[in-house]
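The structure appears below as structure tokens.
FYI, side chains are in, hydrogens and waters are out, and symmetry mates aren't considered; it's all heavy atoms of this structure. Reminder, nothing fancy here: chain letters follow the sequence lines and each chain counts from 1.
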Amino acid sequence: MPELPEVEVVRRGLGPFLTGTRVGNVRVLHERAVRRNGGDFSGELTGAEILHVSRRGKYLWLVTNNDMAVVIHLGMSGQLRIRTKHDAEAPEVARHPHLRLRFTLTDSREEATFLDFLDQRTFGGLHLSPLVRVQREKIPQSILHIARDPLDPYFSFEQFSQKLRAKRTEVKRALLDQSLISGVGNIYADEALWRSRLHGNFQAHQLSGVMVEELVNNVKEVMHEALEQGGTSFDSLYVNVNGESGYFSRNLNVYGRESEPCDRCGFSIERLKFMNRSSFYCPSCQSIEKVSA
DNA sequence: TTTTGGTCCTGGATGC
DNA sequence: TGCATCCAGGACCAAA
């Protein structure tokens, strides 16, 4: 499932192909892919030039020359794939059951390139949003509520710590709250909590400043490691723009490892139902009894 | 205002 | 073999 490292891998992959191209045509094959878009998605985009590709948390956006952004969220199973004309016309690609949207991109130097949006579970989608200036940068209006992610150079630890410690909720739920800190999903939340020896159900307002600092450092660390290995792939649902999988799943300490021994203490890893999803943790290392320092 | 829990959605895996 | 059910989870929304 694409979380921050996976989305960043996609962003890096898209840049060289998309920068400087123009949108020639947009074919929407599944209306749900553009459900968040109010107006005519294809019409408003045709002819626009793509200037660069940006990201905040799990959101990607293509900045166009008319001060608009094509905001993309991959959801659980979204993929962006770059296709050459030859690839795009192959029957297994053109009639792929999960192909939801296709951009035809033109370039003054070469023949058309295609950008395909595939999404098995249709939780992902694209929409247009005007860019608005906030302090040092321009971001899409529709994602103003999304907090800076921990890899953002302007991420403020003090601000995050203050907000987190004011929350009367569990620390894992707070980590998944994109308006508090963005980019953290179920996998990296579990991994960072394990590294911090924190139980996901520990109350956020009981965390000390030192505990928050350690947690943030572990979130950053696990994300950097995942990024270096091209992200986490369990199956074919996450691939980069060339269709290649990442390798970080081999380095996971708790996520998806129910009943296996903890790498730190050997205790059996348990799975807990939390917020309609699974939480993996070591009941020995990550005791709920932990007392705030 | 903040917190909590339900819903959306698809297809692979599993059980009968 | 065929059918039913479970499961995965990010974002959003309504209820408390």
Distance check: side-chain N/O of [X] vs OP1/OP2 of [N], anything under 4.0 Å?
X        : N      : answer
A/His73  : C/dA11 : yes
A/Arg32  : B/dC8  : no
A/Lys167 : B/dT2  : no

| query | Taking the inter-plane angle between the rings of A/Tyr59 and A/His73 on a 0 to 90° scale, is it parallel (under 30°), tilted (30 to 60°) or perpendicular (over 60°)? | reply |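 Because their plane-to-plane angle is over 60°, the rings of A/Tyr59 and A/His73 count as perpendicular.
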
| message | Could you check whether A/Arg148 makes a cation-pi contact with A/Tyr154, meaning its NZ or CZ is under 6.0 Å from the centre of the six-membered ring and within 45° of the ring axis? | response |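 Verdict for A/Tyr154: no cation-pi partner in A/Arg148.
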
Round to a whole Å and report the spacing from [atom1] of [X] to [atom2] of [N].
X        : N      : atom1 : atom2 : value
A/Lys172 : C/dG10 : NZ    : P     : 9 Å
A/Lys163 : B/dT3  : NZ    : P     : 12 Å
A/Leu126 : C/dG10 : CG    : C1'   : 15 Å
A/Asp119 : C/dG10 : CG    : P     : 13 Å
A/Arg36  : B/dC9  : CZ    : C1'   : 16 Å
A/Leu175 : C/dA11 : CG    : C1'   : 17 Å
A/Leu176 : C/dC12 : CG    : P     : 14 Å
A/Met76  : B/dT10 : CE    : C1'   : 9 Å

Kindly point out which of [options] is positioned nearest to the side chain of [X]?
X        : options                : answer
A/Arg173 : B/dG5, C/dG10, C/dC12  : B/dG5
A/Ser278 : B/dG11, C/dG10, C/dA8  : C/dA8
A/Arg271 : B/dG11, C/dA8, C/dC12  : C/dA8
A/Gln178 : C/dG10, C/dA11, B/dT10 : C/dA11
A/Arg168 : C/dA11, B/dT3, B/dG11  : B/dT3
A/His145 : C/dC12, B/dT10, C/dA8  : C/dC12
A/Lys273 : C/dA11, C/dC12, C/dA8  : C/dA8
A/Tyr59  : B/dG11, B/dC8, C/dA11  : C/dA11

| Is A/Arg121 side chain donor-acceptor paired with the B/dG11 base, going by distance under 3.5 Å alone? |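 A donor-acceptor contact between them is absent.
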
| task | Report the C-alpha distance between A/Lys58 and A/Ser182 in whole Å, list the side-chain angles of each, state the deciding distance to 0.1 Å, and finish with yes or no for side-chain hydrogen bond (donor to acceptor under 3.5 Å, both in side chains). | result | CA-CA 7 Å; A/Lys58 301 171 200 169; A/Ser182 66; over 6 Å; no

| said: Ignoring hydrogens and geometry beyond distance, is a side-chain donor-acceptor pair present between A/Ser278 and A/Arg271 at under 3.5 Å? | reply: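 Distance-only check passes for A/Ser278 and A/Arg271.
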
| query | Do we see a donor-acceptor contact under 3.5 Å between the side chains of A/Thr122 and A/Asp119? | reply | no

| query | Atom CZ in A/Arg83, atom CG in A/Leu105: separation rounded to 0.5 Å? | reply |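 Between atom CZ of A/Arg83 and atom CG of A/Leu105 there are 13.0 Å.
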
| How is A/Arg35 classified with respect to the nucleic acid when contacts are heavy atoms under 4.0 Å: base, sugar-phosphate, or nothing? |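 Contact class for A/Arg35: none.
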
